[in-house]
Amino acid sequence: MPAPKKRCEYCGSPIETSEWYPVATVRDSNGELQIYSLCSDECRAAWNAERSSEARDKSE
Ligand SMILES: [Zn+2]
C-alpha cells in the first residue's frame, strides 16, 4: 500500500516527505494539537498570516 502523500496546507503542492519540510503546530479550540505540513517557509508564513487573520475575525 503506498504511503499517502502529504500536501501543503497553503498551496496544495505535494510534499516530498523523505526530505525536510516545515510544519506548523496549532492547538485548536478543543485543546487538541493539530500538525499542518507546508512545502516551504514562505507557505508557512503566508498560511500563518492568513490563519491569524481568520482567528481574529472569529474571536468575538
Ligand atoms: Zn506550499
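Start at 1 and go down the list; that is how both ligands and their atoms are numbered. Positions are given from 1, in the same order as the sequence printed here. Quick caveat, the model's predicted, so the values are computed rather than measured.
- Side-chain heavy-atom separations under 4.5 angstrom define the hydrophobic clusters, and the remaining members of the one that includes I15 are Y21, V23, I35.
- Every residue two or more places apart in sequence or in another chain was checked for a side-chain hydrogen bond (donor to acceptor under 3.5 Å, both in side chains) with N30, and none qualifies.
- Applying the side chain to side chain contact (heavy atoms under 4.5 Å, CB included) rule to E42 yields the partners S40; only residues at least two apart in sequence or on another chain are considered.
- Taking 4.5 Å as the limit, some side-chain heavy atom of R51 sits within range of a side-chain heavy atom of V26.
- Taking the side chain as every heavy atom from C-beta outward, S37 and C8 never approach each other to under 4.5 Å.
- Protein N/O/S atoms closer than 2.8 Å to the Zn ion (ligand 1): C8 SG, C11 SG, C39 SG, C43 SG.
- The structure places CG of N48 at 8.0 Å from CG of L38, a figure rounded to the nearest 0.5 Å.
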